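If you're wondering where the values come from, they're calculated on a predicted model, not measured in any experiment.
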Amino acid sequence: MLGEGRSETLAGHGPKVVTQQIARTIEDAISAAGVQASDIAGVGCGMPGRMDVNGVILWSPNFPDIEGFPLVSEVSGRIGLPVWMENDVNVAALGEFQFGAGKSVQSLVMLTLGTGIGGGIILNGQLWTGFNSGGAEIGHSVVNPGGRKCGCGNHGCLEAMAQRDAIIERAALKMQSGQKSTLAEEVDYQIDKITPALVAKHAASGDQLSLDTLAETGHWVGIGIANMINILNPEMVIVGGGISQAGDALWKPMLRGAYAYAIYESRVVCQIVPAELGDNAGIMGGVALVLKAMGR
Ligand SMILES: [Zn+2]
């Protein structure tokens, strides 16, 4: 890694401003690396949502007014370099596949656990994005029909059952029931102070409320993983995102769930491992996108 740039996306200010922010970040990274734009082969980007093959955004719920906007050509025009863009979790999966935890395998599923739950699928060394870029929405596979309401409108999606807010809600409900807990004491019984990181911290020191919260969460993620194992029979499932760092309190129930629901012959050959690249998965996936476009 030669240089880095960081900017807010300013998503609420519309696509022109988002374009400007992306271009500025790229220029900052180029100057931090101490190279010229003419030294750069191309730019690889990850973007939440889905886009068509020409880089026109079809759907991206967290970026208002961006649907129908030709983001790739706008960014490319501004910086004078070729740009390739993919869904952000697909790009992260590509990064882990080429440079991280998945270096040694040819087929993998990646899950990112955070505010939402993203998915990426690599089959036979190729990113699988679906017939019209809507594939690998593993977060919207239903693991608990009738369960918690999801942002997509359904109930009981993996995302709805295990995203950040679901963890907080789960801990809050237990807290309200009066269960004694060091987590409850630390946040002074105020629900809006609960974070998944705090839940993980108290689970690690044996707080039962926090342990139960993460065990239930891990159970749902495990079912989601088992479904992917049963459908795809991958060599590896990589679990990343901030919440994946919650430790054994999450991982043990998650692995138990995966093993309980996956077909034996498929799960014994499938490694379920943590992501290795952290926040850099998307960046390295961007590199992989450019290399792929160049036929390397
Ligand atoms: Zn959903």
Q: Quick one: closest heavy-atom pair of Pro145 and Val142, and the distance?
A: N-CG1, 3.7 Å
Q | Side chain to side chain, Met228 and Pro234, heavy atoms closer than 4.5 Å | A | no
(Q) If we ignore hydrogens and angles and just use 3.5 Å, is the side chain of Asp52 paired with the main-chain N or O of Asn54 as donor and acceptor? (A) yes
Q: Starting from the C-alpha separation in whole Å, work towards a yes-or-no answer on side chain to side chain contact (heavy atoms under 4.5 Å, CB included) for Ile223 and Met161.
A: CA-CA 11 Å; Ile223 293 178; Met161 298 308 296; over 6 Å; no
Q: Could you tell me which non-hydrogen atom of Lys193 sits nearest to which non-hydrogen atom of Leu198, and how far apart they are?
A: O-CD1, 3.4 Å
Q.
Are Thr195 and Arg164 packed together at the side-chain level, in the sense that at least one heavy-atom pair is separated by less than 4.5 angstrom?
A. yes
(Q) For Ala11 versus Pro64, what's the shortest heavy-atom pair and its separation? (A) O-CD, 3.7 Å
Cut-off 3.5 Å, no hydrogens considered: what does the side-chain donor-acceptor table look like for residues 181-190, sequence neighbours left out?
{"from": "Ser181", "atom 1": "OG", "to": "Leu183", "atom 2": "N", "distance (Å)": "3.0"}
{"from": "Ser181", "atom 1": "OG", "to": "Ala184", "atom 2": "N", "distance (Å)": "3.1"}
{"from": "Ser181", "atom 1": "OG", "to": "Asp207", "atom 2": "OD1", "distance (Å)": "3.3"}
{"from": "Ser181", "atom 1": "OG", "to": "Asp207", "atom 2": "OD2", "distance (Å)": "3.1"}
{"from": "Thr182", "atom 1": "OG1", "to": "His202", "atom 2": "ND1", "distance (Å)": "2.8"}
{"from": "Glu186", "atom 1": "OE1", "to": "Lys201", "atom 2": "NZ", "distance (Å)": "2.8"}
{"from": "Glu186", "atom 1": "OE1", "to": "His202", "atom 2": "NE2", "distance (Å)": "2.8"}
{"from": "Glu186", "atom 1": "OE2", "to": "Lys201", "atom 2": "NZ", "distance (Å)": "3.3"}

Q. Remaining members of Leu2's ILVMFWY cluster at a side-chain heavy-atom cut-off under 4.5 Å?
A. none
Q: Evaluate the side chain to side chain contact (heavy atoms under 4.5 Å, CB included) criterion for residues Asp88 and Met47: first the C-alpha distance (whole Å), next the side-chain angles of each, then the deciding distance (0.1 Å), finally the verdict.
A: CA-CA 5 Å; Asp88 56 348; Met47 165 83 191; 5.7 Å; no
**Q.** Expected output: side-chain Asn87 to main-chain Gly49 donor-acceptor under 3.5 Å
**A.** yes
**Q.** Shared hydrophobic cluster for Trp84 and Val75 (ILVMFWY, side-chain gaps under 4.5 Å)
**A.** no
Q) Does Ser177 reach the main-chain N or O of Lys174 with its side chain, forming a donor-acceptor pair under 3.5 Å? A) yes
Q: Indicate if Val91 and Leu81 have the same hydrophobic cluster label, given that clusters are the connected sets of ILVMFWY residues with side-chain heavy-atom separations under 4.5 angstrom.
A: no
Q.
Keeping Thr25 on the side-chain end and Arg6 on the backbone end, is there a donor-acceptor pair under 3.5 Å?
A. no
Q.
To the nearest 0.5 Å, what is the distance between CG on Leu71 and OG on Ser60?
A. 9.0 Å
Q | Where Ala160 and Ala166 come nearest, the two heavy atoms and their spacing | A | O-CB, 3.3 Å
(Q) Could you go through Thr9 and Gln21, starting from their C-alpha distance and side-chain angles, then the distance that decides it, and tell me whether this counts as side chain to side chain contact (heavy atoms under 4.5 Å, CB included)? (A) CA-CA 6 Å; Thr9 48; Gln21 292 299 97; 5.7 Å; no
**Q.** Nearest-0.5 Å distance that lies between atom CG in Asn132 and atom CG in Leu58
**A.** 7.5 Å
Q. Any side-chain heavy atom of Phe69 sitting closer than 4.5 Å to one from Thr19?
A. yes
Extract all donor-acceptor atom pairs below 3.5 Å that involve side chains of residues 246-270 and protein atoms in other chains or at least two apart in sequence.
{"from": "Trp251", "atom 1": "NE1", "to": "Ser244", "atom 2": "O", "distance (Å)": "2.8"}

Q: Side-chain contact test, heavy atoms from C-beta onward, threshold under 4.5 Å: evaluate it for Thr217 versus Val199 and give yes or no.
A: no
Q: Using modelled atom types only, decide if a donor and an acceptor are shared between the side chain of Glu96 and the backbone of Ala101 within a distance under 3.5 Å.
A: yes
**Q.** Single-linkage hydrophobic cluster Trp220~Ile229, side-chain heavy atoms < 4.5 angstrom
**A.** yes
Q) So how far is it from Leu277 CG to Phe97 CZ, rounded to the nearest 0.5 Å? A) 13.0 Å
Q) What is the minimum heavy-atom distance between Met236 and Gly102, and which atoms define it? A) SD-CA, 3.7 Å
Q | Interatomic distance, Asp165 atom CG to Ile194 atom CD1 [nearest 0.5 angstrom] | A | 11.0 Å
Q: First locate atom CD of Gln179, then atom CD of Gln208, and finally report the distance between them rounded to the nearest 0.5 Å.
A: 7.0 Å
Q. Taking only residues two or more places apart in sequence, or in another chain, which ones meet Glu74 in a salt bridge (charged side-chain N to carboxylate O under 4.0 Å, His left out)?
A. Lys16
Q | Test side chain to side chain contact (heavy atoms under 4.5 Å, CB included) applied to Arg78 and Ile26, step by step | A | CA-CA 10 Å; Arg78 210 169 241 276; Ile26 295 165; over 6 Å; no
Would you give me the side-chain donor-acceptor pairs under 3.5 Å for residues 105-128, sequence neighbours excluded?
{"from": "Ser107", "atom 1": "OG", "to": "Glu235", "atom 2": "N", "distance (Å)": "3.3"}
{"from": "Thr112", "atom 1": "OG1", "to": "Gly118", "atom 2": "N", "distance (Å)": "3.3"}

**Q.** Pairwise side-chain contact, Phe63 with Ile57, heavy-atom cut-off 4.5 Å (strictly under)
**A.** no
Q) How long is the span from the CG atom in Leu209 to the CG atom in Leu214, to the nearest 0.5 Å? A) 10.0 Å
Q: Please check if atom CG in Asp192 has more than 12 non-hydrogen atoms from other residues, nucleotides or ligands closer than 6.0 Å.
A: yes
(Q) Tell me whether Ile243 shares a hydrophobic cluster with Ile168, the cluster being built from Ile, Leu, Val, Met, Phe, Trp, Tyr side chains joined at under 4.5 Å. (A) yes
**Q.** Side-chain donor/acceptor of Arg50 to backbone N/O of Trp59, under 3.5 Å
**A.** no
Q. Side-chain heavy atoms under 4.5 angstrom apart, residues restricted to Ile, Leu, Val, Met, Phe, Trp, Tyr: same cluster for Ile22 and Leu289?
A. no
Q) Any side-chain heavy-atom pair from Val89 and Ile138 closer than 4.5 angstrom? A) no
**Q.** salt bridge (charged side-chain N to carboxylate O under 4.0 Å, His left out) against Arg170, all qualifying residues, sequence neighbours excluded
**A.** Glu216
Q) Below 4.5 Å, heavy atoms only, C-beta onward: do Val287 and Phe99 meet side chain to side chain? A) yes
Q: Decide, yes or no, whether a salt bridge links Glu276 with Lys103 under the criterion of side-chain N to carboxylate O below 4.0 Å.
A: no
Q | Shortest non-hydrogen contact between Leu158 and Gly224, atoms and distance | A | CD2-CA, 4.1 Å
